Amino acid sequence: MDAFLIQGNGPLRGRLRVNGSKNAALPQMAAVLLTDDPVTLRGLPDLADLRSMVALLDELGCIREDEPSAPGAFGPILTLRAEPGGDPHARYDIVRTMRAGICVLGPLVARRGVARVAMPGGCAIGDRPVDLHLRGLEALGAVITLEEGDIVARAPKGGLRGATLFLGGASGPTVLGTANVMCAATLARGTTIIESAACEPEIVDLARMLNAMGAKVRGAGSPRITVEGVERLGGVEHEVMPDRIEAGTFMVAAAITRGEIELENCPLDCLMAATEQLRLSGVEVESDAEGDGWRSTCQVRMARRPKPMQVTTHPHPGFPTDLQAQFMALACVADGNSIITERIFAERFMHVPELGRMGARLSRQGPTVVATGIERLRGAPVMASDLRASAGLVLAGLAAEGETLVRRVYHLDRGYERLEERLAPLGARIKRVEEVK
Ligand code: EPZ
């Protein structure tokens, strides 16, 4: 297994281009199952999770029609075509490693009339239920049973039918649940209204792709989405939106090292909660006025120790839970006490004890962590546990005094493409090493 060896080395300076979004691409790849025509996605990063999704779709009968640029290469262009009648069984050994595989459920049951998808397990950030996904599809007429650990969804004779449904749960809306139901509704007979839909930009991007395939989706990005079912969907070429979480991670890299980074292809318009918090902490974030809010060029600079922050994660447009660990790393070196509350995934604090190994003064009380800022963290061997916790540890290592070894960076490779090769040109002393046993 690989690790990252990082030497804290002062300010990062330079330019980075934000990659396409993992969390937008995954449901878009699943949407290939809604049509027999070829679908081309552009701007895809080379990520373990996207490669897993291609493997899952391959098992579901989707043929890759693009020519990889080199044997085994992945991205930035991917063309897939779903063979009618493929095997509608998404097996546990893939869904286990990439729980986003659940988002093939809606497209499969809508297009094939039957879907068999392994129940995704939990993960490091806690229990990951799918009850809202199932409730939403049942509202469209699907009959859902659990058979040997698999979710089996069957459409009624005549196919799914539109319905008005409430999709909110105790922790608010569900992003992939909204994607699943929205996709299924595109081929249901009649009109579907999804109340308490997720408002994340990735849902907006998916709706754009579906409408380009001939769907009739309105209201994506708002809590109420309306879908008029159509007979069939056609193929499409779609450019995946930039990754707002990767962009936010790079912004914190500039802030925590007191450097200056120019970000290209930055979805600044989707990051207002995070940029507001950065500005409150003393970080300068400026962008070119004329850019499209989803693909801006922006400058992030920080000359001083950050001011303490109060962060509570919420569904979009609130502060994104996927940036909580990164901002906690920044809070560790703030000039005062910060309060960070996690409202989406109660257990998303695996990075807390690891940051503590670097000298951070963090005290957890339930869903809240109080960070007593210190002048500087100290490098130490730390263990990555999940994708965004790993990112937080890398950021801490960039700013720490001395050497940090971040172990099990396979977690990081799920959502950041060769992160070490992108940070090194900005002055980061970071390299990938074979993990010593
Ligand atoms: C998506 O996961 C993202 N993943 C996550 O990013 C992100 O953290 C999450 O949305 C929240 O923004 C992808 O898009 C691939 P949810 P998703 O359903 O859709 C509860 C990353 O780091 N819930 O919006 O699976 C759930 O437990 C990943 O890139 C139910 O109760 O998350 C949570 O508390 C991690 N029942 C809340 O809702 C359900 O049926 C939000 O979860 C579904 C969810």
Side-chain angles (χ1 to χ4, degrees), residues 19-31 45 47-50 52-53 56 95 97-106 117 119-139 144 151 165-183 194 196-206 223 240-241 243-249 270-271 273-274 313-326 342-348 350-351 367 384-392 411-416:
N19 277 342
S21 163
K22 163 181 85 79
N23 290 353
L26 287 165
Q28 289 172 16
M29 291 166 78
L47 298 174
D49 272 9
L50 301 192
S52 297
M53 182 58 90
L56 173 56
V95 176
T97 60
M98 201 256 316
R99 64 173 310 285
I102 188 71
C103 61
V104 303
L105 184 62
V117 178
M119 272 290 271
C123 66
I125 61 178
D127 181 23
R128 304 289 296 273
V130 293
D131 56 313
L132 299 175
H133 298 240
L134 306 186
R135 203 186 304 164
L137 294 174
E138 283 173 334
I144 294 186
I151 300 160
L165 58 104
F166 182 81
L167 205 53
S171 307
T174 163
V175 176
L176 289 183
T178 300
N180 250 332
V181 176
M182 184 168 71
C183 284
I194 306 172
S196 189
C199 303
E200 270 68 7
E202 292 77 20
I203 294 296
V204 176
D205 204 39
L206 175 60
V240 70
M241 69 173 283
D243 192 320
R244 62 191 169 102
I245 304 303
E246 177 183 90
T249 304
C270 308
L271 275 166
T313 65
H314 286 289
H316 193 78
F319 188 94
T321 174
D322 292 352
L323 285 176
Q324 179 256 103
Q326 298 92 318
E342 173 58 59
R343 289 281 181 231
I344 309 295
F345 295 110
E347 292 312 310
R348 198 171 203 171
M350 300 288 279
H351 41 288
S385 53
D386 58 275
L387 170 54
R388 306 303 176 183
S390 321
H411 290 292
L412 203 81
D413 292 337
R414 296 187 55 173
Y416 296 89

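Computed from a prediction, not measured in an experiment: that's the story for all the values here. Whatever order the structure lists ligands and atoms in, that order sets their numbers, starting from 1.
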Look at [atom] and say which protein heavy atom is nearest, naming residue and atom and giving the distance to 0.1 Å.
atom                    : value
atom 18 (O) of ligand 1 : T174 OG1, 2.7 Å
atom 36 (N) of ligand 1 : D131 OD1, 2.7 Å
atom 26 (C) of ligand 1 : F345 CE2, 3.9 Å
atom 34 (O) of ligand 1 : I344 O, 2.6 Å
atom 17 (P) of ligand 1 : R128 NH2, 3.9 Å
atom 37 (C) of ligand 1 : S171 CB, 3.8 Å
atom 43 (C) of ligand 1 : P129 O, 3.3 Å
atom 15 (C) of ligand 1 : N23 OD1, 3.3 Å

Please work out whether any backbone atom (N, CA, C, O) or any side-chain heavy atom from C-beta onward of [X] is under 4.0 Å from ligand 1, and answer side chain, backbone, both or neither.
X    : value
L176 : both
P173 : backbone
D322 : side chain
R388 : side chain
R348 : side chain

If you measure every N or O of [X] against every N or O of ligand 1, does any of those distances drop under 3.5 Å?
X    : answer
V175 : yes
T321 : no
G177 : no
L132 : yes
I125 : no

Heavy atom of [X] under 4.0 Å from ligand 1?
X    : result
K22  : yes
R99  : yes
E246 : no
G169 : no
G172 : no

Pair [X], [Y]: side-chain N/O donor-acceptor within cut-off below 3.5 Å:
X    : Y    : value
E342 : T313 : yes
H316 : E202 : no
H411 : D386 : no

When you compare the side chain of [Y] with that of [X], does any pair of heavy atoms fall below 4.5 Å?
X    : Y    : answer
Q324 : R348 : yes
I102 : V95  : no
N23  : D243 : no
R244 : P201 : yes
L47  : D413 : no

query: Looking at L26, which atoms of ligand 1 are within less than 4.0 Å of one of its heavy atoms?
result: 15 (C)
Side-chain ([X]) to main-chain ([Y]) donor-acceptor, under 3.5 angstrom:
X    : Y    : result
S21  : M241 : no
E200 : P315 : no
D322 : I245 : no
R99  : R128 : yes

Residue from N180, L167, V130 passing side-chain contact (heavy atoms from CB on, under 4.5 Å) with T174: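 Only one option passes, and that is L167.
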task: Assess whether side-chain contact (heavy atoms from CB on, under 4.5 Å) is satisfied between L50 and L26, documenting all intermediate values.
output: CA-CA 7 Å; L50 301 192; L26 287 165; 3.7 Å; yes
